[in-house]
Amino acid sequence: MKPAEQQKLLADVESFCQELRPIEELCYAEHQYNDQLIPLARKHDLLGMTIPVEYGGRGADTVTYLKALARIGREGTGCRTFFSGQISIGSYPIMTWGSDALQRKYLPAAVKGEKILAFGLTEPDAGSNPLEMTSTFRREGDHYVLNGVKYLISNGGIADAVIVFAYPESSAEDAPRRISAFVLDTDQPGFTAETLTAKMGMPTSNTAMFEMSEAKVPLENLLGEPDDGFRIAMGTLVSGRLSVAAGCLGVIEDCLIESVNYAKERSQHGKPIAKHQLVQEHIAMIEMARVTSDAILMRAAEVKEASKSGDRELLRQADILAAQAKFHITNAAWEAADRAVQVFGGRGWSTLYRPGRHLMDVRVCRIYEGTDEILKLKIAASVLGKEFEAFK
Ligand SMILES: Cc1cc2nc3c(=O)[nH]c(=O)nc-3n(C[C@H](O)[C@H](O)[C@H](O)COP(=O)(O)OP(=O)(O)OC[C@H]3O[C@@H](n4cnc5c(N)ncnc54)[C@H](O)[C@@H]3O)c2cc1C
């Protein structure tokens, strides 16, 4: 992406965020889904940030896109999660493994907001280990038929199409069962979604479970080759993890801005609390979280971009760096939000102020797209060697 295009995109993101903030704050206070987010993102042409220009997108490279997500993350983890669902784990697998026809079918519509996307891997009994999923598919004439339940899916209740994963209903006795990946249209009788509302945070974004009951998928909506599903899911998670890490960098940045402003304005014991050394410690630690997270994210972004060449070693490095970035930055954001709450004192504990909202929202980032534990095991295996992998 040329520097002028990058600047324009980031300026559009800035305008979007400024317009979004009052609406998002109101929705948060009322514990309501923000139905203005998608029209606003459409207005600022942000729904297809990474989609190639030939399909109407902005063609952003990884570094530019993650900078955009970091800015959006300052507004909240809920609105950033929408973009992760739409772009990083929604349009990404179509862009990476979809046929030309599939890309033409979904990507221009995704850019225009006519197709909202989601990624359905998790099931009630298959989270950290997706291989334990029970969703199935069979081929019938010119389409596949899918059955199963997907759980805790971002955008799952508002999506027009979902990337879904399933095992073949039956396979030859001695043949190993392997997962395949599909793009499933939701406007069909075989698809029913239920929005999940009993959430600790992110009230303004959609999280849902859905059931596929004899749901139909045209043959051309298979992603990659049959049996490629696990590889596609893991490859998509690299993109998704970077998006979570970028959003959490934004959370840290917002915690810093809020803490600095508040500490300068609030006086106790005859001086601004910013002059108390223990409050300064919080500011220093949030600043260090910002600096280290930014460096780790940008390194991971550069390698992810370089790995588009298909070089196997770069792909391996991009995978590990994304896991490291996600693990480090989500935990740093959690701590930064906690420190910002502390700087705000009693007000910090209220959801009327931004630090408390960040704390509630950002907690999920240590769970979705790979829990802390799963990422630690992955990072350890990368150092110890494959023979020490804790699980296969
Ligand atoms: C708000 C939200 C949005 C989400 N969005 C999506 C989405 O868009 N698409 C999607 O597919 N999924 C999504 N998820 C699901 C998410 O990815 C899973 O919740 C996550 O992968 C963990 O799975 P689980 O909840 O089943 O926990 P489990 O896998 O049951 O894990 C429970 C605990 O056991 C630990 N554990 C499990 N296995 C091991 C092991 N081998 N070693 C050590 N510890 C282990 C875990 O780390 C965790 O601490 C979302 C979840 C939430 C909460």
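By convention here, the first residue in the shown sequence is residue 1. Every number for a ligand or one of its atoms is a count from 1 in the order of the listing. Side-chain atoms are counted along with the backbone in the values below, which use heavy atoms only and exclude waters and symmetry mates. These numbers come from a predicted model, not from an experiment.
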### Query
Less than 4.0 Å between atom 34 (O) of ligand 1 and some protein heavy atom, yes or no?
no
### Query
Could any protein non-hydrogen atom be found less than 4.0 Å from atom 49 (O) of ligand 1?
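Yes.
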### Message
Give me the residue, atom name and distance of the protein heavy atom closest to atom 14 (N) of ligand 1.
### Response
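Going by distance alone, atom 14 (N) of ligand 1 is nearest to L152 O, 2.9 Å.
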### Residue and atom name of the nearest protein heavy atom (relative to atom 38 (N) of ligand 1), distance in Å to one decimal
S128 CB, 3.8 Å
### Query
Contact between M202 and ligand 1, counting heavy atoms under 4.0 Å?
yes
### Query
Quick one: does T122 get an N or O within less than 3.5 Å of an N or O on ligand 1?
yes
### Task
Report, as yes or no, whether the 6.0 Å neighbourhood of atom NZ on K308 holds more than 12 heavy atoms from other residues, nucleotides or ligands.
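Counting neighbours around NZ of K308, more than 12 heavy atoms of other residues, nucleotides or ligands fall under 6.0 Å, so yes.
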### Task
Determine whether more than 12 heavy atoms belonging to other residues, nucleotides or ligands lie under 6.0 Å from atom CD of E225.
no
#### Entry: Proximal candidate to atom 42 (N) of ligand 1 [heavy atom criterion; set V162, L377, D372, D361]
L377
### Message
Tell me which pairs pass salt bridge (Lys or Arg N to Asp or Glu O under 4.0 Å) where either residue lies in residues 336-351, with sequence neighbours left out.
### Response
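Listed once each, the pairs are E335-R339.
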Which pairs of donor and acceptor atoms, one on a side chain in residues 148-163, lie under 3.5 Å apart (sequence neighbours left out)?
residue: K150; atom: NZ; partner: L121; partner atom: O; Å: 3.4
residue: K150; atom: NZ; partner: E123; partner atom: OE2; Å: 2.8
residue: K150; atom: NZ; partner: F165; partner atom: O; Å: 2.9
residue: N155; atom: ND2; partner: F82; partner atom: O; Å: 3.2
residue: N155; atom: ND2; partner: L117; partner atom: O; Å: 3.2
residue: D160; atom: OD2; partner: I116; partner atom: N; Å: 2.7

### Task
Report, in ascending order of atom number, the atoms of ligand 1 lying under 4.0 Å from any heavy atom of S154.
3 (C), 4 (C), 5 (N), 6 (C), 7 (C), 8 (O)
